[in-house]
Amino acid sequence: MSSKQEPVILGKIGSSYGIKGWLKITTYTDSVEGIFDYSPWLIKEQGEWREVKVAQWRFQGKAVVACLEGVSTRDEAQALTNCEIAVPAEQMQELPEDEFYWRDLIGCEVTNTKGYNMGTVQEIVETGSNDVLLVKANAKDGFGKAERMIPFVTDQFIQKVDLAAKQILVDWDPDF
């Protein structure tokens, strides 16, 4: 696979389901079935990505199960347990100018409205009420912080996201 960008991880293969090669699928997409909007999938086995196609899928209670082409036995399915499911970044739909994927925020520099450099976004944590930026503080942070957790609430705390410049402007006290 030759690509400029790393594949985008959309889920993970769970345990086998039944004896005919079906697999439980853990999805990270907004809707559970959204992962099936993408084809083909890339699965990571032993550190290498390989392309697979979903032959069938269905709901099983509130979860989903799928059968991949070429996987027809329980043993073949079990060998794929815990493999990540991804798609090439190019498969992700283009978003309007004022929207972005969470993955685009990783590595952005966070500065508050008073010009203080708060650090760099390391990850986004999902909580029940709103998502939170986990910002790794600079090595010589003036407030002695190692990291900051900033709620991703636009117009209240998040003032501006500039993906081209990889910068996020926040209204947040650096001592908090």
Side-chain angles (χ1 to χ4, degrees), residues 1-108 120-136 147 149-155 158 161-164 166 168:
M1 181 187 84
S2 62
S3 174
K4 296 174 221 132
Q5 297 180 335
E6 279 290 308
V8 178
I9 297 172
L10 299 179
K12 188 175 185 178
I13 295 177
S15 61
S16 59
Y17 176 80
I19 60 171
K20 295 185 178 182
W22 285 73
L23 296 152
K24 294 178 183 175
I25 305 295
T26 301
T27 69
Y28 306 147
T29 53
D30 282 340
S31 65
V32 174
E33 69 274 14
I35 196 167
F36 299 105
D37 291 342
Y38 301 92
S39 181
W41 286 353
L42 300 172
I43 59 171
K44 195 171 197 177
E45 290 181 283
Q46 299 170 344
E48 296 292 321
W49 292 106
R50 82 172 168 96
E51 196 172 283
V52 297
K53 291 188 177 180
V54 176
Q56 298 176 42
W57 72 273
R58 68 174 186 252
F59 280 98
Q60 189 61 41
K62 292 183 181 182
V64 288
V65 293
C67 183
L68 305 178
E69 288 182 2
V71 178
S72 58
T73 68
R74 184 178 186 87
D75 289 340
E76 291 171 337
Q78 283 179 324
L80 299 175
T81 297
N82 292 324
C83 287
E84 291 179 315
I85 300 168
V87 295
E90 304 84 55
Q91 265 194 40
M92 303 302 289
Q93 72 181 38
E94 287 290 321
L95 296 175
E97 192 172 313
D98 60 339
E99 293 182 23
F100 39 82
Y101 290 107
W102 286 134
R103 67 183 171 92
D104 297 333
L105 299 179
I106 305 298
C108 284
T120 306
V121 177
Q122 294 298 298
E123 67 179 288
I124 290 92
V125 180
E126 290 187 57
T127 66
S129 57
N130 53 267
D131 297 318
V132 175
L133 296 177
L134 181 61
V135 178
K136 182 178 180 188
E147 66 182 20
M149 296 184 83
I150 303 172
F152 198 90
V153 179
T154 55
D155 299 329
I158 307 299
V161 175
D162 183 348
L163 291 180
K166 296 288 284 176
I168 300 173

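All figures in this text were calculated on a predicted structure; none of them were measured in a lab.
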Which atom pairs, one a donor and one an acceptor, fall under 3.5 Å between side chains of residues 121-136 and the rest of the protein, sequence neighbours left out?
{"unit_1": "T127", "atom_1": "OG1", "unit_2": "N130", "atom_2": "N", "d": "3.2"}
{"unit_1": "T127", "atom_1": "OG1", "unit_2": "N130", "atom_2": "O", "d": "2.1"}

Reported [atom1]-to-[atom2] distance for the pair [X] and [Y], which is rounded to 0.5 angstrom:
| X | Y | atom1 | atom2 | answer |
| --- | --- | --- | --- | --- |
| T120 | K166 | OG1 | NZ | 10.0 Å |
| L68 | I85 | CG | CD1 | 7.5 Å |
| E84 | I13 | CD | CD1 | 10.5 Å |
| L42 | I9 | CG | CD1 | 10.5 Å |
| T73 | I19 | OG1 | CD1 | 10.0 Å |
| I158 | I168 | CD1 | CD1 | 6.0 Å |

A side-chain contact here means heavy atoms from C-beta on lying under 4.5 Å apart; do P40 and Q91 qualify?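 Result yes, sub-4.5 Å side-chain heavy-atom pair found.
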May I ask you to check whether over 12 heavy atoms, not counting those of E48, lie within 6.0 Å of atom CD?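 It does not: E48 CD has 12 such atoms or fewer within range.
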Would the number of heavy atoms belonging to other residues, nucleotides or ligands and lying under 6.0 Å from CG of L163 be above 12?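 Atom CG in L163 is packed in, count exceeds 12.
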Take E6 and R103, measure what side chain to side chain contact (heavy atoms under 4.5 Å, CB included) needs, and give me the verdict at the end. CA-CA 11 Å; E6 279 290 308; R103 67 183 171 92; over 6 Å; no
Minimum-distance pair of heavy atoms, taken over all atoms of [X] and [Y]:
| X | Y | value |
| --- | --- | --- |
| G21 | A77 | O-CB, 3.7 Å |
| Y101 | Q93 | OH-O, 2.8 Å |
| Q60 | V65 | CB-CG1, 4.0 Å |
| I25 | A66 | CG1-CB, 3.9 Å |
| Q78 | S16 | CG-OG, 3.3 Å |
| D104 | C108 | O-SG, 3.7 Å |

Side chain to side chain contact (heavy atoms under 4.5 Å, CB included) between Y28 and L10, worked out: CA-CA 5 Å; Y28 306 147; L10 299 179; 5.7 Å; no
I'd like to check the ring pair (Phe, Tyr, Trp, His ring centres under 6.0 Å) partners of F36; sequence neighbours left out, ordered by chain and number.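 Ring pair (Phe, Tyr, Trp, His ring centres under 6.0 Å) check on F36 returns W41, W57.
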Yes or no on side chain to side chain contact (heavy atoms under 4.5 Å, CB included) for K44 and C83, after CA distance, side-chain angles and deciding distance? CA-CA 5 Å; K44 195 171 197 177; C83 287; 5.7 Å; no
Taking only residues at least two apart or on different chains, which pairs with a member in residues 61-76 satisfy salt bridge (charged side-chain N to carboxylate O under 4.0 Å, His left out)?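 Every candidate salt bridge (charged side-chain N to carboxylate O under 4.0 Å, His left out) pair involving residues 61-76 fails, so no pair, neighbours aside, qualifies.
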